There are 2 protein chains.
Amino acid sequence: MTPSERMYVALRAAILHGDFAPRQSLKPQELATKHVVSLAVARETLLRLVGEGLAERLPNRGFAVPATGAERWQQIAEARATVEPAMLRMAIERGDLEWEARVRAAHHRLARATPYEQDPDSWSEAHRLFHRALLEACGNDVLLGTFDRLWIDSELARRWSAVKEPARDAAAEHLALEEAVLAREAGRAADLLRRHVTRTVRTLRTS
Amino acid sequence: MTPSERMYVALRAAILHGDFAPRQSLKPQELATKHVVSLAVARETLLRLVGEGLAERLPNRGFAVPATGAERWQQIAEARATVEPAMLRMAIERGDLEWEARVRAAHHRLARATPYEQDPDSWSEAHRLFHRALLEACGNDVLLGTFDRLWIDSELARRWSAVKEPARDAAAEHLALEEAVLAREAGRAADLLRRHVTRTVRTLRTS
DNA sequence: CTTGTCAAAATAATCGATTATCTCTAGCGT
DNA sequence: ACGCTAGAGATAATCGATTATTTTGACAAG
């Protein structure tokens, strides 16, 4: 594996994991030293992260972790609530048997994954793959790209929104979602997804 | 202005203008020579364009213009038809007087802009600003970011979709859109926007 | 004729060092 | 005491050259 790739995955994981605070500057020199690579590689990595939305570039002032917080998280949730239900309707319309099987598989992996409390990264990945599996049959790579981007933003923002997840049964929500999808009940599934995405946000508002 | 920035805007414009064919490789050495900068700057520019979707990175095989075509253009149009009407509803719901004024101004600039045939770049920019003005009052920067990205992708794909624009009165469509928006008729405006976005694609399918 | 191999050329990736820019602070004048 | 300016240190941006990888094409074996 190339040094650039190695540093990229490492730094990406570190940012998503919360090793750097929002607005904290990401200094190429420091990072290059830490990861034992040259300045050019550190810069390249940062540029790639900027493209993904996991870093900001301040011209002539280097790079920094994007500012996030509860407000931004709400906006992301609203964006997801706007896009994902529509995608799910398309997926239910267009999905075939193979897709149903993949949805079942993804849900099974999520349901049996080690709990969030024990291994956040592992559970989050299973969570992402389940949600993505639901939408993958929409047949539109552009929309799936939009989903990917929103998901990344969401993960970063949630990490720093300092919100206590309210008492909620995520597993039950996922199960209901899977059932509605496999029953091809587009309306119900879309509504469940919309609520699932906005739930934490709404509790934020009212708390 | 920094060399990096200068090269960035130049190369970006060149790609959008169609100076490079899809899948054509973008060789850092050539571009560096052409723009009189070092290799590092050329690489940085290409990395930034990758982040925007205006270039692709093939590991260990350099950079290239993304593959596009009619099919991808249809997907982009579908994505826009999914996202933008919903954004427009939000904008009509939340927009204030100041927003109405900006919409009027943007439409005026578009209506009086030099025709597409005489100056494609100038007209396209006015076109983009009008569409963006419509949505800017949605109050959600994340969705606006999604719009920006889709628009860029759309411009590149349209350039290479080799589609003859059918006989259509874009000006009339824009005017009707503006009227519906300023009348705060959310349903009609959203529908007009959806049709406006998908029109060329539908004619593609049926032709 | 096809296919596999190997070396040469082309290109990508990386590096160490240089130059330009910004930031912070001490010193000066008001 | 306050604000301004200069200069030193820190950081970002750029460069030219080196190293690693891939591609190309000649050539030999089947």
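These numbers come from a predicted model, not from an experiment. Note on naming: letters A, B, ... go to the chains in the order of the sequence lines (proteins, then strands), and numbering restarts at 1 for each one.
For the pair L26(B) CG and dA12(C) C1', the computed distance is 14 Å after rounding to whole Å. dT21(C) atom P lies 20 Å from atom CD of Q29(A), rounded to whole Å.
Ion pairing between a basic and an acidic side chain is recognised when a charged N comes within 4.0 Å of a carboxylate O; R199(B) and E173(B) show such pairing. No salt bridge links D141(A) with R72(B); every basic N to acidic carboxylate O contact stays at or beyond 4.0 Å. Look at E44(B) and R57(A) and you find a salt bridge, because one of the NZ, NE, NH1 or NH2 atoms lies within 4.0 Å of a carboxylate O, short of that distance.
By the side chain to side chain contact (heavy atoms under 4.5 Å, CB included) test, R104(A) pairs with E178(A), L182(A), sequence neighbours left out. For R12(A), the side chain to side chain contact (heavy atoms under 4.5 Å, CB included) partners are Y8(A), L16(A), L49(A), E52(A), L54(A), I152(A), not counting sequence neighbours.
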What one-letter contact string describes nucleotides 13-18 of chain D from 5' to 3', where B marks a base within less than 4.0 Å of any protein heavy atom, S marks contact via sugar-phosphate atoms alone, and - marks no contact? SBB-B-
